[in-house]
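Single-structure report; data block below.
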Amino acid sequence: NFKKSLGQNFLTDINVLHNIVDAAEVSEDDDVIEVGPGIGALTEQLAKRAHQVMAFEIDERLIPVLRETLSLYDNIAIVQQDILKVDLEQQIKAHFDGKHHLKLVANLPYYITTPIIMHLLESGIHFDAIVVMMQKEVAQRLTAEPGTKDYGSLSIAVQYYTNAKIAFIVPKTVFVPQPKIDSAVVRLTPQKPIKQPQDEQAFMQLVKGSFAHRRKSLWNNLLGIYGKDPATKERLEKVLAQVGIEKSIRAERLTISQFIDLSNGLIENN
Ligand code: SAM
């Protein structure tokens, strides 16, 4: 009795569960947040190794099942909440002592992989590690390097906040029910950005707009964002020259650092 709409694909392979906990290097020093515990398979492995575990499950039908299955553990809090709506900071204060490292480990509901990750990264909460399973193709986009076909605004949004690496690939056969695609476990290690954009919103708008038409040059995408009037063109040309970026290049060639330079240059020359 699974709810497809909630992305319910449960893990059945104990080795994969162990590998996820290993990838997060969970220990007694860690308090761990889990998103979508489902029937509690990963939750149990986390509880064996962590100080405290807090798991957010949206599906009310699963709450009694979870309470029952995990009743032997006294370091698990099950919270029936939507991870995108809950006041996470307040829950952390209520359940954790603030003296442990904070990690997030989850087999994510795939219909909201990107919203959950961006929500966590933009929350301002400091995680020591975020280790999450997701669709393989999304994992490839999150971790893509400049100049590759998977590199885009999502890679930049995530890598602006974190060092993002695929830990391992998980075949679809270890889930019940079996999804159509393979999965991957990604480890995000939060880091201070190499450089600060003067205006984060303007920076992300530039990045999104630069990838709006992947086949077009950066230049043509910039005209799409900022307009084509002669004064704008002149300003864009001047800034590109200042930061040493060629007009004919495609956005997928630019590093995060170059996007930040470009964004800051546009603000300074406004
Ligand atoms: N962790 C379990 C496992 O590995 O077997 C289940 C993972 S399953 C892919 C995703 C889980 O997230 C489901 O139990 C689903 O009900 C739950 N879920 C879906 N949307 C959610 C949301 N917005 N907030 C919290 N949990 C959610």
Side-chain angles (χ1 to χ4, degrees), residues 1-24 26 32-50 52-70 73 75-92 94-95 103-123 125 127 129-139 142 167-187:
N1 197 356
F2 305 109
K3 269 204 182 157
K4 233 184 169 178
S5 63
L6 291 178
Q8 292 181 348
N9 300 95
F10 299 120
L11 257 175
T12 55
D13 186 319
I14 186 73
N15 291 318
V16 176
L17 293 167
H18 285 159
N19 291 343
I20 295 173
V21 181
D22 286 345
V26 174
V32 179
I33 293 176
E34 188 191 9
V35 180
I39 49 176
L42 179 59
T43 323
E44 179 169 16
Q45 298 310 316
L46 291 169
K48 285 184 180 166
R49 301 251 298 260
Q52 292 283 334
V53 178
M54 171 164 54
F56 295 98
E57 175 55 62
I58 198 172
D59 187 350
E60 60 182 13
R61 302 172 315 158
L62 293 172
I63 304 298
V65 182
L66 282 164
R67 295 240 152 89
E68 163 99 44
T69 327
L70 301 170
Y73 297 87
N75 62 340
I76 301 176
I78 308 285
V79 185
Q80 195 214 329
Q81 285 275 2
D82 179 339
I83 189 64
L84 294 176
K85 297 198 180 130
V86 65
D87 184 342
L88 204 51
E89 210 142 355
Q90 190 231 313
Q91 293 286 340
I92 289 171
H95 293 278
K103 291 180 179 170
L104 186 136
V105 183
N107 170 14
L108 292 176
Y110 291 179
Y111 72 106
I112 40 169
T113 301
T114 309
I116 291 176
I117 290 175
M118 292 319 298
H119 183 73
L120 296 172
L121 295 180
E122 287 165 358
S123 72
I125 295 169
F127 293 99
I130 298 175
V131 173
V132 277
M133 177 136 66
M134 63 188 70
Q135 311 88 307
K136 186 172 142 195
E137 53 145 71
V138 178
L142 293 191
F168 55 94
I169 305 291
V170 183
K172 53 185 182 245
T173 49
V174 301
F175 298 91
V176 175
Q178 193 170 311
K180 289 199 183 72
I181 42 163
D182 289 335
S183 295
V185 172
V186 172
R187 182 177 168 119

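Remember, it's 1-based here, ligands and their atoms both numbered in the order they're listed. What you are looking at is a predicted structure, and each value in this text was computed from that prediction instead of being measured.
Distances shorter than 4.0 angstrom occur between a heavy atom of Q81 and an atom of ligand 1. The closest approach between L84 and ligand 1 stays at or above 4.0 Å for every heavy atom of the residue.
Between the choices T12, T43, N107, V86, the shortest heavy-atom distance to atom 4 (O) of ligand 1 belongs to N107. Across the listed options F10, F56, Y110, F56 owns the non-hydrogen atom lying nearest to atom 25 (C) of ligand 1. Residue L6 holds the heavy atom nearest to atom 19 (C) of ligand 1 of all those in L66, V35, L6. Evaluated by nearest non-hydrogen atom to atom 14 (O) of ligand 1, the leading choice among E57, Q45, H119 is E57.
Defined by atom type and a distance below 3.5 Å, a donor-acceptor pair is present between the side-chain atoms of S183 and Y110. Inspection of the T113 and Q135 side chains reveals an N or O donor paired with an N or O acceptor under 3.5 Å.
Within ligand 1, the atoms closer than 4.0 Å to a non-hydrogen atom of L62 are 14 (O), numbered from 1 in the order shown. Applying the 4.0 Å criterion to heavy atoms of N9 picks out, from ligand 1, the atoms 7 (C), 8 (S), 9 (C).
The heavy-atom pair separating V105 from A24 by the smallest distance is CG2-CB, 3.7 Å. Considering all non-hydrogen atoms of both residues, A129 and R187 come closest at CB-NH2, 3.7 Å. Between D59 and E57, the shortest heavy-atom contact is N-OE2, 2.9 Å. Between V26 and R49, the shortest heavy-atom distance links the atoms O-NE, 3.2 Å. The shortest heavy-atom contact between Q45 and H18 is OE1-NE2, 3.3 Å.
Nearest protein heavy-atom neighbour of atom 1 (N) of ligand 1: G36 O, 2.9 Å. Looking only at heavy atoms of the protein, atom 21 (C) of ligand 1 is closest to I58 CG2, 3.5 Å. Closest to atom 23 (N) of ligand 1, if we only count protein heavy atoms, is D82 OD1, 2.9 Å. The single protein non-hydrogen atom nearest to atom 9 (C) of ligand 1 is G7 O, 3.1 Å, given as residue, atom name and distance. Residue, atom and distance of the protein heavy atom nearest to atom 13 (C) of ligand 1 are Q8 CG, 3.5 Å.
Checked against a 3.5 angstrom limit, the closest N/O atoms of D59 and ligand 1 fall outside it. Polar contact check, L108 against ligand 1: no nitrogen or oxygen pair lies under 3.5 Å apart. Note: an N/O pair closer than 3.5 Å links L11 and ligand 1 by distance alone. For a threshold of 3.5 Å applied to N or O pairs, the pair formed by I83 and ligand 1 contains at least one separation below that value.
Contact annotation: the side chain of F175 approaches that of N107 to within less than 4.5 Å [non-hydrogen atoms, C-beta and beyond].
Only backbone heavy atoms of P37 (N, CA, C or O) come within less than 4.0 Å of ligand 1; its side chain stays farther off. The side chain of Y111, and not its backbone, has at least one atom closer than 4.0 Å to an atom of ligand 1 (non-hydrogen atoms only; side chain from C-beta on). With a 4.0 Å heavy-atom cut-off, ligand 1 is reached by the side chain of E34 but not by its N, CA, C or O. Under 4.0 Å from ligand 1, not a single heavy atom of I116 appears.
Under the 3.5 Å distance criterion, the side-chain polar atoms of K136 are left unmatched by any main-chain donor or acceptor of I169. R67 places a side-chain N or O within donor-acceptor distance of the main-chain N or O of I78, the cut-off being under 3.5 Å. Side-chain atoms of Q81 never come within 3.5 Å of backbone atoms of F56 as a donor-acceptor pair (strictly under, hydrogens ignored).
Applying the side chain to side chain contact (heavy atoms under 4.5 Å, CB included) test between V35 and each of L84, I58, I112, I116 identifies I116 as the sole match. For the side chain to side chain contact (heavy atoms under 4.5 Å, CB included) with V176, the lone residue among N9, T12, L11, I39 that qualifies is T12.
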